[in-house]
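Quantities reported herein were computed from a predicted structural model and do not represent experimental measurements.
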Amino acid sequence: MSLNRVSSIETFASIVPADQRSRRSSDASTRARKLTFNPLPQSWDPPPVEQVQPLSAFEVPKWKRMLQVTATIIYCLFAAGIVFGYAAIKPVLKSEGAYRDVCTQDPDSPISEDTCVEIHLNLMFTVAAVATNVAALPVGAILDRYGPRVCGLLAAVFLTIGALLMAFESQIPFDGLLFGYLFLALGGPFTYISSFQLSNAFPRNSGLILALLTGAFDASSALFLIYRIIYEKSGGEFGHRRFFIAYLIVPVVIVLLQIFLLPAQSYKTVGEMIEEIEEPLPEPEAYDQVDEHTALLQEEQELQRAAVVESVQQLLGSAKADKQARREERKNEISGVWGVMHPYSAWEQIKSPWFILICLFTVVQMTRINYFVATVRPQYEALLSHKKAVEINNFFDIALPVGGILSIPFIGVILDHTSTVTVLCVLVTCATTIGLLGIVPEMWAAYANVCLFVLYRPFYYTAVSDYSAKVFGFRTFGTVYGTIICLSGLLNFSQSGLDYLFHETFNNNPVPVNIMLLSLGLGIGIALVLFVALKVRGIKRKLLEHEAQAAFDTPRWD
């Protein structure tokens with residue numbers, strides 16, 4: 001699974017006075033006041049069209065902004081990432097005979113009927129996971145160009161189509177389950193990413209709002225768990241058709257909220273409001289050309305500027321802005337890699353080892369993560385027993401959303417107070433530990449594996465976006481990070497091959513496939529950590545040499 005996860009929508013570096021900035025801060029970075037998810041470089045942007053203009057938070061009543069944030073968090077719980085509850089809905093679909101009609105035992109078939117059903121269902125999830133990653137690219141462009149309301153309405157359309165296809169899949173002449181799950185997946189990014197801008201509705205609490213939205217995304221995977229419990233309690237009476245017909249309420253509510261409550265345009269970021277304040281007023285007319293009208297106009301402009309300044313200060317507080325700016329500057333220094341690739345173009349960044357290594361590592365880890373979500377029960381049926389595998393699967397269904405929520409504060413602490421090299425070491429260590437626990441045929445290892453996995457998953461995705469912002473910068477973030485998740489998502493189609501190896505080549509033994517993924521991830525991870533560590537060491541040495549030279553060149557007065 002992957003969606004853009006960031007701890008901050010923009011950089012505050014531009015607010016810091018020039019004489020207080022660290023030498024590590026690059027000009028390219030301090031000019032970029034807003035993080036954009038648009039994957040297209042600015043030079044590729046299509047001809048300008050009339051776009052919805054962002055609005056300042058102080059233009060909207062506080063009660064309405066609070067209601068907007070609350071409503072968005074609630075509907076994200078029901079729409080943002082429901083497809084990642086696949087492990088919970090998979091047993092329901094299997095019990096209702098999903099794909100049995102296309103997997104009827106054929107004497108000439110090289111695979112068994114159960115394996116055929118398993119591969120088809122896992123392919124359904126793989127396509128949805130790939131779509132989630134790839135869809136994040138156009139969402140960024142549409143959000144920047146047309147605003148959050150268009151994204152929200154598109155989300156409702158996709159969710160409606162997906163629910164209808166899932167409900168009536170048996171009456172459709174094509175694969176309704178696969179395409180239905182695909183459209184449900186497409187609705188997720190349009191729901192989730194377009195809601196990021198609401199963090200600017202309350203700049204003082206933007207981090208809390210982003211954390212709540214991220215928690216809603218993670219918790220949304222529990223929707224299918226709740227449905228599976230209802231399905232089992234009803235003895236199978238409440239089938240998936242009835243569930244997805246009832247689910248149509250969600251896109252209807254989203255449409256109503258988008259039209260009557262949520263803003264058509266994004267809220268301005270702190271950086272954008274500061275730019276508005278810093279923008280110079282028109283030059284005053286020459287004294288001999290000033291009349292009553294121009295004098296009144298100049299006075300009105302000055303009063304309007306003063307009102308905007310006062311509103312921004314009330315919204316954010318100048319002292320808090322300065323404090324936040326210094327905190328962001330300190331975090332950048334701790335990372336050790338801030339600004340290393342900021343001056344370069346997107347293409348130069350993509351060609352560099354900084355990009356190639358993190359992209360390869362992301363490809364392997366994303367494949368491992370989604371493969372484990374799709375095959376957690378079959379793996380433990382082979383390692384343990386059917387009864388124990390069901391127990392582990394049930395625990396996993398609960399732990400997946402809960403782990404995503406519990407990990408949010410710890411992720412922020414780790415990323416803000418440790419260097420990027422340390423973060424990468426933690427990632428590689430956790431990935432290796434998960435791989436080792438995944439081949440141990442013991443219950444304690446299974447529970448430990450699930451617990452570590454559900455904490456590692458959100459940490460990994462947040463760390464990759466954090467690495468991309470710090471190394472490559474906000475100016476090219478949409479292009480570079482978009483390329484990483486797009487390539488990683490597309491290569492997730494290799495899961496079908498892993499399924500075949502697991503079920504057929506290795507006779508339902510998950511150990512060989514897990515060892516392959518473990519070894520590949522460990523090798524690339526070690527290469528990534530060593531490369532970044534050596535580069536950081538070189539950067540620190542050059543900074544010390546620069547500071548020593550500057551001290552030597554400073555004139556001394558005896």
Side-chain angles (χ1 to χ4, degrees), residues 1-3 5-7 84 87 129 214-215 218 221 334-337 357-376 379-380 383 392 395-396 399-440 442 444-468 470-471 484-485 488 492 510-511 513-533:
M1 182 222 68
S2 175
L3 274 181
R5 294 163 175 262
V6 288
S7 57
F84 296 102
T214 302
D218 289 316
S221 63
I334 290 173
S335 73
V337 298
L357 288 172
I358 193 66
C359 186
L360 290 174
F361 191 59
T362 303
V363 167
V364 176
Q365 296 308 314
M366 190 181 295
T367 302
R368 286 186 62 188
I369 289 170
N370 290 333
Y371 179 70
F372 184 77
V373 171
T375 62
V376 57
Q379 285 197 45
Y380 282 109
L383 289 173
I392 295 297
F395 176 71
F396 176 77
L400 188 64
V402 173
I405 297 172
L406 294 179
S407 64
I408 291 172
F410 302 103
I411 291 172
V413 171
I414 294 173
L415 294 180
D416 291 348
H417 296 89
T418 59
S419 68
T420 299
V421 173
T422 302
V423 171
L424 294 175
C425 286
V426 173
L427 287 176
V428 175
T429 301
C430 289
T432 304
T433 304
I434 290 171
L436 292 174
L437 291 172
I439 61 177
V440 177
E442 299 288 343
W444 66 266
Y447 279 110
N449 189 24
V450 169
C451 290
L452 186 57
F453 175 87
V454 299
L455 295 174
Y456 171 79
R457 185 189 65 135
F459 174 56
Y460 176 76
Y461 288 118
T462 311
V464 172
S465 63
D466 182 76
Y467 172 98
S468 299
K470 289 175 178 175
V471 172
I484 292 174
I485 64 171
S488 303
N492 262 234
V511 174
V513 173
N514 286 335
I515 290 177
M516 289 167 51
L517 294 172
L518 166 63
S519 303
L520 194 59
L522 180 60
I524 297 174
I526 291 174
L528 174 63
V529 170
L530 290 177
F531 171 79
V532 175

request  = Mind checking side chain to side chain contact (heavy atoms under 4.5 Å, CB included) for Ala445 and listing every partner two or more places apart, or none if nothing turns up?
outcome  = Leu437, Val440, Glu442

Side-chain donor-acceptor contacts of residues 514-530 below 3.5 Å, not counting sequence neighbours, with atom names and distances?
{"residue": "Asn514", "atom": "ND2", "partner": "Gln379", "partner atom": "OE1", "Å": "3.0"}
{"residue": "Asn514", "atom": "ND2", "partner": "Pro510", "partner atom": "O", "Å": "3.3"}
{"residue": "Ser519", "atom": "OG", "partner": "Ile515", "partner atom": "O", "Å": "2.8"}

task = Using the test side chain to side chain donor-acceptor pair (under 3.5 Å), find all partners of Tyr467 that sit at least two apart in sequence or belong to another chain.
result = none

key: Results of ring-ring contact (aromatic ring centres under 6.0 Å, His included) for Phe459 - residues two or more places apart only   = none

task = Take Asn449 and Phe372 through the side-chain contact (heavy atoms from CB on, under 4.5 Å) test and state the conclusion after the steps.
result = CA-CA 11 Å; Asn449 189 24; Phe372 184 77; 3.7 Å; yes

note = For Ile369 and Arg457, the nearest pair of non-hydrogen atoms, with its separation, is CG2-CG, 3.8 Å

key: With Thr422 via side chain to side chain donor-acceptor pair (under 3.5 Å) - residues at least two apart   = Ser419

Steps toward side-chain contact (heavy atoms from CB on, under 4.5 Å) verdict (Val426, Ile414) = CA-CA 10 Å; Val426 173; Ile414 294 173; 5.6 Å; no

inquiry  = Go through it in stages, so that I can follow the logic: the residues are Tyr371 and Val513, the test is side-chain contact (heavy atoms from CB on, under 4.5 Å), and I'd like the CA-CA distance, side-chain angles, deciding distance and then a yes or no.
reply    = CA-CA 10 Å; Tyr371 179 70; Val513 173; 3.9 Å; yes

message = Restricting to side chain to side chain contact (heavy atoms under 4.5 Å, CB included), what partner residues turn up for Val454, sequence neighbours left out?
response = Phe396, Ala399, Leu400, Val450

ask   = Roughly how far, to the nearest 0.5 Å, is CG of Leu415 from CD1 of Ile411?
value = 7.0 Å

message = Going by side chain to side chain donor-acceptor pair (under 3.5 Å), name the residues that satisfy it together with Thr420, two or more places apart in sequence or in a different chain.
response = none

request  = For Ala463 and Leu427, work out which heavy atoms get closest and say how close.
outcome  = CB-CD1, 3.8 Å

remark   = Heavy-atom nearest pair, Gly404 first then Pro458, reads CA-CG, 4.0 Å

query = Considering all heavy atoms of both residues, which atom of Ser468 and which atom of Ile484 are nearest to each other, and what is their separation?
reply = OG-CD1, 3.8 Å

key: Note, Phe84 side chain near Pro401 side chain (heavy atom, < 4.5 Å)   = no

query = What is the minimum heavy-atom distance between Gly438 and Tyr380, and which atoms define it?
reply = CA-OH, 4.4 Å

key: Ala374: side chain to side chain contact (heavy atoms under 4.5 Å, CB included) partners, not counting sequence neighbours   = Tyr86, Asn122, Phe125, Gln495

Tyr460: partners by side chain to side chain donor-acceptor pair (under 3.5 Å), with sequence neighbours left out = Thr362

ask   = Which heavy-atom pair separates Ser407 from Leu455 by the least distance, and what is that distance?
value = CB-CD2, 4.0 Å

task = Measure the shortest side-chain to side-chain distance between Val464 and Phe361 over non-hydrogen atoms and say whether it is less than 4.5 angstrom.
result = no

request  = Scan residues 423-439 for pairs that pass side-chain hydrogen bond (donor to acceptor under 3.5 Å, both in side chains), counting only residues two or more places apart or in two chains.
outcome  = none

task = For Phe531, enumerate each residue passing the side chain to side chain contact (heavy atoms under 4.5 Å, CB included) test, keeping only those at least two apart in sequence or located in another chain.
result = Pro353, Trp354, Leu357, Lys535

key: Arg368 side-chain N/O to Ala431 backbone N/O, donor-acceptor pair under 3.5 Å   = yes

